[in-house]
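Remarks on the structure that follows.
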Protein chains: 2
Amino acid sequence: MRIGQLAQSVGVDTQTIRFYERQGLLPPPGRQENGYRVYTEKHVERLAFIRRCRSLDLSLAEIHELKRYQDDPHQSCTAVNALLDDHISHVRSQITALQALEKQLVSLRARCNDDREVKACGVLAGISEGSMHQQ
Amino acid sequence: MRIGQLAQSVGVDTQTIRFYERQGLLPPPGRQENGYRVYTEKHVERLAFIRRCRSLDLSLAEIHELKRYQDDPHQSCTAVNALLDDHISHVRSQITALQALEKQLVSLRARCNDDREVKACGVLAGISEGSMHQQ
DNA sequence: TTAAAACTATATAGTCGCTATAAGGTCAAT
DNA sequence: ATTGACCTTATAGCGACTATATAGTTTTAA
């Protein structure tokens, strides 16, 4: 199968596939005489795995790490679990930060509900004052 | 005041200040005979405004937009409010996405609590199966 | 048969908001 | 005279792609 087919079957751009290859995430495929890449089912699975990891927002470095674990299947999976735990706490702290941010934004927004002139707008005033840290 | 003083008083790296200048966010300051930048109180305020916007996670493009509104203080501030509303809903959808992600990650993590060999690890299996969409 | 469309290849630059590095000029104090 | 702290510009790097340019190949249609 050529790159276009692989791309379509996994739902990825061809550029992204070449990019993963350059990054060492996807093993270099065979080539036809004309230089076209030729992929196997293995590549489909590997690419799908990468995309599922990405949909979990794992970084390419983390996916690399998981790949190393997969390639040495007899070691303990403690490290796999640790990686996931780290990632979960990373996601949780992102959520916390964004929730605090949302609160700030909503309280800022409440300072101007009507159609004032910009110079009287409570929102701009609020940002300029920098009084956003208390309350 | 020179760039180091400005940087310290606002709590920003000097590189960042020059970067904002190149981006057109901070007006070009005067220069001493030796070429050193000379800043005024105006610059302190403007830079602090930029940093407060950044702490609200507004993009440089959005800050540009706010700057344009400030420079035309007699127009209605509807656009300011709209910008903020957009930003709030952007933040909210980020939160929602991250919460869904967290759920996925936690349920994936639950598939392996003990020290198995990697080849039997439920976490890696879970990712490989790609059965993460039905909860 | 030929011409156009669709596919493939590589290389390179752009996105965002900085941050880091290199290589040098200026200034005050020792 | 030299150290050190400051300033200057230019350039490259981060992450994970995405877009563009340029060119070769294959497939399809007229």
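Excluded from the calculations below are hydrogen atoms, water molecules and symmetry mates; all remaining heavy atoms, backbone and side chain alike, are included. Lettering follows sequence order; numbering is per chain, from 1.
For the atom pair B/S59 OG and B/H64 NE2, the distance stands at 9.5 Å (nearest 0.5 Å).
Counting only distance, with no hydrogens or angles, the side chain of A/R92 and the backbone of B/E102 share no donor-acceptor pair below 3.5 Å.
In this entry the distance linking CD of A/Q32 with P of C/dC7 reads 15 Å, nearest Å. Protein atom CZ of B/R37 is 14 Å distant from nucleotide atom C1' of C/dG25, rounded to whole Å. Rounded to whole Å, atom P of C/dC27 lies 9 Å from atom CZ of B/R2. Atom pair B/I3:CD1 and C/dC27:C1' shows a separation of 17 Å (rounding to whole Å applied).
In this structure, a donor-acceptor pair under 3.5 Å is absent between the side chains of B/Y39 and B/R46.
Listed by residue number, the members of residues 12-26 of chain B with any heavy atom below 4.0 angstrom from DNA chain C are B/Q15, B/T16, B/F19, B/Y20.
Positionally, the nearest nucleotide of DNA chain C for B/L58 lies more toward the 5' end than for the other of B/L58 and B/N34.
In summary, contact between chain A and DNA chain D, defined as any nucleotide atom under 4.0 Å from a heavy atom of the protein, begins and ends at D/dA16 to D/dT26 in the 5' to 3' direction.
Around the CD atom of A/Q75, the shell of radius 6.0 Å holds more than 12 heavy atoms that belong to other residues, nucleotides or ligands.
Taking the side chain as every heavy atom from C-beta outward, B/L25 and B/F19 never approach each other to under 4.5 Å. A heavy-atom distance below 4.5 Å is found between the side chains of B/V44 and B/S9.
Cluster annotation: B/V38 is not connected to B/Y20 through the hydrophobic network of ILVMFWY side chains, with a link wherever side-chain heavy atoms come within less than 4.5 Å.
Of the listed residues (B/L83, B/D86, B/L84), just one forms a side-chain contact (heavy atoms from CB on, under 4.5 Å) with B/E62, and that residue is B/L83.
Residues forming a side-chain contact (heavy atoms from CB on, under 4.5 Å) with B/Q5 (at least two apart in sequence, or on another chain): B/M1. Here A/H87 pairs with nothing under the side-chain hydrogen bond (donor to acceptor under 3.5 Å, both in side chains) rule; sequence neighbours left out. Scored by the side-chain hydrogen bond (donor to acceptor under 3.5 Å, both in side chains) test, B/E41 finds no partners at all (sequence neighbours excluded).
Axis deviation across the helix from C/dT1-D/dA30 to C/dT30-D/dA1 amounts to 30°, comparing end segments of five pairs, rounded to 10 degrees.
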